[in-house]
Amino acid sequence: MPTLPLITFILCLTTCVLWGQASSEQGVMENDMDILEELLQQGCGSTHHAMERLNRLETRKKKYNFTGSMIETYVFKLRTEHFRGLNLSSRMDVKRGSGRMFRHAINFPAELMKGTQAQGVEQELVCIYIHSPCIFQDAHNSSVLNNDVVGAFLQSRHVAGLSHPVKIQFWHDTVLDASNATCVFWQPGAGAGSTGSWSEKGCKTMHRKGTVICHCDHLTYFAVLLVPMGALSPAQLASLTHITTVGCSLSAATTFCTLLLCCFYRQQLRDNTTRIHMHLLTALLLLNCSFLLSTPLATSTMGLCQVTAALLHASLLCALAWMAAEAFHLLLLLVKVYNIYIQHYLLKLCFFAWGLPMLAVVAVFVFKRDTYGYHTISTSEGYRNATMCWLTSPPAHYATVCYAGLILLFNTLVLGRVGMILRRIRQQNGQARKDWATVLGLTFLLGTTWGLGFFRFLCLPLVHHCALPEQAGLHQQHLQITCPNARVRGCKGSSGAAP
């Protein structure tokens, strides 16, 4: 029979061993948290290591409270039979007016503990607050409100499909609404090295003054995703993408067929009017093809995407320039009827409409290549953004918009002048219906319908060109203007007077 002193000694020794193990484990835990805090303070360059460290902390059986400047963890021990819900608030570190406000708060419903197998046993509820923009970064580098991410989970089981959702509140001092702030949760990547993504499935968003309220039916990491103002919804983006793809494909096919048709009538190739039409058709074909390639090649290497973006930019500038050349040529035929011969006329037009835009694009590509690259079209759900190869520099974008605006203004003025001439001719011989049908065809030919997209979508002037009918009007348009000594025709019929 062991004596009482021996039993006491064994109990004391066991207590010391257990206390030492707990102290050692707590020391390791605190050391890991300190390392994670340091990684977050270093910036986004150590995001991968910070995520690995966070995953290690999540898988530990024992959790401890930790409070740092970038990360906070709190562990709450709850008994199933006594749980009636829980309200938690973060530290009071957000100043507002004369007082201070909580950064965020969480309300857990009583249903949280339902379904746990071990009744009467303590359950650990772990809450993690991360104040860093780096640790949860998706492929689109989406921004979250105040760089705050709130995580919550039960140590014993996975919680999902709650009928009474968890309520998370984020306070802020910015102007937000449902169009540019959405409650989301973090979905880890499928592979070990893959990037995760934000999703709003199972979460609903409510807005109050200075507060975004998220109702989610599961536990994980939550945040409020910020989306640029005026962004499209995913359904709108999908519809516009489908319409644009179909429209560009049809336009490219009919443009190519019309080019073949013009080449078939070789006798018309001597006419400068037909040649200018063919140059415009070639520019439009190049524009459509490069636009169709810009989205698929956005998943390729940066170099290939930059080349595609430069080709798309150059083809757009050339197409606009050839529309201006069409307007200038028409102005010569109608206004300056006599003595309109210009030496090397077509060569000069080619230098203006092909040479100058190409030189400008090549110069930008050589000296400032980062002007071209991946362009993201944002949606109201930031994790469903679309990417294409296009301009990435705002100054280059605005310069292109101004260039397009000047050409459209010139073509509109020419169209107005043509309308005045046709009105005078109508008064002489009464061919009103035929002449105004010609004006409608010229509206398509000179690209003035692009002005609708130019004024409505100043930020995306390129997206709308494929759906506009100027190519179709040019493809089969049989233009003929009745005037004393000049006619303008398409690829069929007799050739008209040309410079």
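The figures here come from the full heavy-atom set of this structure, side chains too, leaving out hydrogens, waters and symmetry mates. This structure is a prediction, so every number in the text was calculated from the model and none was measured.
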field: Approximate separation, where rounding is to 0.5 Å, of Leu311 CG and Leu293 CG
entry: 8.0 Å

- prompt: Between atom OG1 of Thr211 and atom CE of Met206, what is the distance when rounded to the nearest 0.5 Å?
  reply: 10.5 Å

message: Contact between Leu317 and Thr400 at the side-chain level, heavy atoms closer than 4.5 Å - yes or no?
response: yes

message: Could you tell me if the side chain of Arg208 sits less than 4.5 Å from the side chain of Ile213, heavy atoms only?
response: yes

task: Would you check, one step at a time, whether the test side chain to side chain contact (heavy atoms under 4.5 Å, CB included) holds for Met278 with Leu259?
output: CA-CA 6 Å; Met278 293 184 65; Leu259 273 173; 4.2 Å; yes

field: Heavy-atom side-chain contact between Val414 and Phe328 under 4.5 Å
entry: no

message: Contact between Gln187 and Lys201 at the side-chain level, heavy atoms closer than 4.5 Å - yes or no?
response: no

Atom NZ of Lys348 with >12 non-hydrogen neighbours under 6.0 angstrom: yes

- request: Under the side chain to side chain contact (heavy atoms under 4.5 Å, CB included) rule, what do Met388 and Leu312 come out as? Steps first, then yes or no, please.
  value: CA-CA 11 Å; Met388 62 178 293; Leu312 177 59; 4.1 Å; yes

message: If you apply the rule side chain to side chain contact (heavy atoms under 4.5 Å, CB included), what do you find for Leu219 with Val166, and how did you get there?
response: CA-CA 8 Å; Leu219 294 184; Val166 178; 3.6 Å; yes

field: Spacing of CG belonging to Leu287 relative to OG belonging to Ser251, to within rounding of 0.5 Å
entry: 8.5 Å

- request: Mark yes or no for whether Asn146, through its side chain, and Trp171, through its backbone, hold a donor-acceptor pair below 3.5 Å.
  value: yes

query: Any idea which heavy atoms bring Ala319 and Leu280 closest together, and the distance?
result: O-CD1, 3.8 Å

query: Given the side-chain rings of His313 and Phe365, with only the six-membered ring counted for Trp, is the space between their centroids under 6.0 Å?
result: no

- request: Compare every heavy atom of Thr308 with every heavy atom of Ser290, then report the nearest pair and how far apart it is.
  value: O-CG2, 4.2 Å

Flag side-chain contact, heavy atom, 4.5 Å: Leu284 against Trp322: no

- line: Here the pair of heavy atoms bringing Ser132 nearest to Met70 is CB-CE, 3.8 Å

- request: Go through the steps for His329 and Thr273 under the test side-chain hydrogen bond (donor to acceptor under 3.5 Å, both in side chains), then give the verdict.
  value: CA-CA 8 Å; His329 181 68; Thr273 301; 2.8 Å; yes

message: Please identify which of these residues, Phe136, Phe222, Phe153, Tyr221, meets the ring pair (Phe, Tyr, Trp, His ring centres under 6.0 Å) condition with Trp186.
response: Phe136

- request: Answer yes or no: is there a side-chain heavy-atom contact under 4.5 Å between Cys183 and Val212?
  value: yes

Residues Thr182, Val224; criterion side chain to side chain contact (heavy atoms under 4.5 Å, CB included); working and verdict: CA-CA 5 Å; Thr182 306; Val224 176; over 6 Å; no

query: Taking the side chain as C-beta and beyond, is there a heavy-atom pair between Leu415 and Phe410 under 4.5 Å?
result: no

message: Can you tell me how far apart OG1 (Thr255) and CG (Asn288) are? Round to the nearest 0.5 Å.
response: 5.5 Å

- prompt: Can you name the closest pair of heavy atoms from Cys203 and Phe185 and give their distance?
  reply: SG-CD2, 4.3 Å

message: Go through it in stages, so that I can follow the logic: the residues are Thr387 and His375, the test is side-chain hydrogen bond (donor to acceptor under 3.5 Å, both in side chains), and I'd like the CA-CA distance, side-chain angles, deciding distance and then a yes or no.
response: CA-CA 6 Å; Thr387 306; His375 173 75; over 6 Å; no

- prompt: Shortest non-hydrogen contact from Cys318 to Trp354?
  reply: SG-CE3, 3.6 Å

message: Can you tell me how far apart SG (Cys350) and NE2 (His279) are? Round to the nearest 0.5 Å.
response: 3.5 Å

- line: Residues Thr392 and Tyr372: closest non-hydrogen pair is OG1-N, 3.9 Å

- request: To the nearest 0.5 angstrom, please state how far the CD1 atom of Ile342 sits from the CG atom of Leu349.
  value: 7.5 Å

Under 3.5 Å donor-acceptor, Thr371 side chain and Lys368 backbone: yes

- prompt: Does the side chain of His104 come within less than 4.5 Å of Gln169's, by heavy atoms?
  reply: no

Short side-chain to backbone donor-acceptor contact, Tyr129 and Gly151, under 3.5 Å: no

